[in-house]
Amino acid sequence: MKVLKRNQLIILVVSLMLITAGYLNFTANQENIQTSTIASRNDTTIGDAQLVSTIPNENEENIVENILNEETNANQSNNLEIQEQLSVSSTIDEKNNQEDYYFTTSRLERNTMYSELLETYQEIYNNTNATAEQKSEALAKISNINNTKNAIMIAENLIIAKEFEDVVIFVNEGSVSVIIKTEELKEEHVAQIQNIVSRELNVGAEIIHISNK
């Protein structure tokens, strides 16, 4: 009887050990499965995240392309505006240069003419073979030319003082030409210029011809 109870006890202990070992083995397998599942999910998530970060969004591409196109169009528009401004500025500068050249060269040619006339009459006056009448006439011409030069210079300075950009005056036989550098020549301007020229050159207003350039 005692032997039977002892054997039963041994069998019971062995059964409990097997059950315990089986339970522990099952628990370990479950933990491995869970760990593997979590790792697999993490890998998938990481992989997806990397895939999303490396593949550009189509809307983003369109937005970037639109921005680049707008910047390009804006730059082209700015360049065209700058070119037009430069062209207009160049045209204005060219026109101003031509006008400045006209007034400068016109005064130079006029003064050169007076210098040559003065030199000619001075030679006549200094010529020992010239008659007294010729010398007297040459001296009168010299005086007249100098007076005309001085009157022209004073008149031009007075006209410029009226806030005109530039002026050149030519005195011919029976007429006086006055060219003013201005965009618009008003009636009051014409009257002012006529008064100055008539007074300084001692000529009538009817022979004074005024124009703008």
Side-chain angles (χ1 to χ4, degrees), residues 74-213:
N75 290 333
Q76 290 177 349
S77 178
N78 289 336
N79 289 337
L80 288 175
E81 289 180 1
I82 292 173
Q83 289 177 358
E84 290 176 357
Q85 291 175 357
L86 290 175
S87 177
V88 171
S89 177
S90 177
T91 302
I92 294 174
D93 290 340
E94 183 178 356
K95 181 181 178 181
N96 289 334
N97 290 335
Q98 290 177 350
E99 291 175 351
D100 291 339
Y101 178 79
Y102 169 80
F103 285 94
T104 301
T105 55
S106 295
R107 273 193 299 270
L108 179 61
E109 290 174 357
R110 181 197 64 196
N111 294 338
T112 300
M113 179 193 68
Y114 284 140
S115 296
E116 291 176 350
L117 287 174
L118 286 173
E119 184 177 354
T120 299
Y121 290 123
Q122 190 68 40
E123 289 177 354
I124 294 173
Y125 181 79
N126 293 332
N127 189 349
T128 56
N129 295 326
T131 63
E133 183 179 356
Q134 289 175 332
K135 288 186 176 184
S136 177
E137 183 179 355
L139 188 60
K141 292 288 186 180
I142 291 172
S143 177
N144 184 52
I145 292 173
N146 284 327
N147 290 336
T148 301
K149 285 179 60 179
N150 291 334
I152 288 174
M153 182 184 67
I154 294 172
E156 287 179 343
N157 289 335
L158 291 174
I159 291 172
I160 291 175
K162 296 295 183 180
E163 298 183 354
F164 290 104
E165 293 184 54
D166 208 343
V167 59
V168 61
I169 298 174
F170 300 101
V171 177
N172 304 310
E173 286 292 335
S175 68
V176 177
S177 298
V178 183
I179 296 91
I180 307 293
K181 183 182 179 182
T182 183
E183 291 293 331
E184 183 180 7
L185 197 58
K186 299 180 180 180
E187 291 184 4
E188 56 267 29
H189 295 157
V190 173
Q192 290 176 347
I193 294 168
Q194 281 182 340
N195 289 335
I196 292 172
V197 174
S198 177
R199 181 179 68 249
E200 300 301 328
L201 274 71
N202 194 25
V203 295
E206 67 278 2
I207 68 169
I208 301 173
H209 305 285
I210 302 171
S211 60
N212 64 314
K213 185 174 180 61

Output every pair passing ring-ring contact (aromatic ring centres under 6.0 Å, His included) with a member in [range], not counting sequence neighbours, ordered by first then second residue.
range: residues 187-213; answer: F164-H189
range: residues 130-158; answer: none
range: residues 119-148; answer: none

Sidechain-backbone polar pair: N144 side chain, A140 backbone, donor-acceptor under 3.5 Å: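 Checked: no pair found.
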Side chain to side chain contact (heavy atoms under 4.5 Å, CB included) involving T104 - partner list, sequence neighbours excluded: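 Checked T104 against side chain to side chain contact (heavy atoms under 4.5 Å, CB included); matches are R107.
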Side chain to side chain contact (heavy atoms under 4.5 Å, CB included) against I160, all qualifying residues, sequence neighbours excluded: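 If we apply the side chain to side chain contact (heavy atoms under 4.5 Å, CB included) test to I160, skipping adjacent residues, the hits are D166, V167.
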If I take atom [atom1] from residue [X] and atom [atom2] from residue [Y], how far apart are they, to the nearest 0.5 angstrom?
X: K181; Y: I159; atom1: NZ; atom2: CD1; answer: 15.5 Å
X: I180; Y: I193; atom1: CD1; atom2: CD1; answer: 3.5 Å
X: N150; Y: I145; atom1: CG; atom2: CD1; answer: 12.0 Å
X: S106; Y: I169; atom1: OG; atom2: CD1; answer: 12.5 Å
X: Q122; Y: L139; atom1: CD; atom2: CG; answer: 8.5 Å
X: I196; Y: L201; atom1: CD1; atom2: CG; answer: 11.5 Å

Salt bridge (Lys or Arg N to Asp or Glu O under 4.0 Å) contacts in which one or both residues fall within residues 147-162, not counting sequence neighbours: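 As it turns out, the salt bridge (Lys or Arg N to Asp or Glu O under 4.0 Å) pairs with a partner in residues 147-162, which skip direct neighbours, are R110-E156.
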Minimum heavy-atom distance [X]-[Y], with the two atoms named:
X: T182; Y: E184; answer: OG1-O, 3.1 Å
X: T112; Y: L108; answer: OG1-O, 2.7 Å
X: V197; Y: V203; answer: O-CG2, 4.1 Å
X: N172; Y: S177; answer: ND2-OG, 4.2 Å
X: A205; Y: S198; answer: N-OG, 4.3 Å
X: Y102; Y: T105; answer: O-OG1, 3.1 Å

[X] [atom1]: over 12 foreign heavy atoms closer than 6.0 Å:
X: E163; atom1: CD; answer: no
X: K135; atom1: NZ; answer: yes
X: Q194; atom1: CD; answer: yes

Sub-4.5 Å side-chain heavy-atom contact between K141 and L117: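 Sidechains of L117 and K141: no contact.
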Side chain to side chain contact (heavy atoms under 4.5 Å, CB included) partner of E200, the single match among I152, L158, N157: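 Running side chain to side chain contact (heavy atoms under 4.5 Å, CB included) over I152, L158, N157 with E200 returns exactly one hit, L158.
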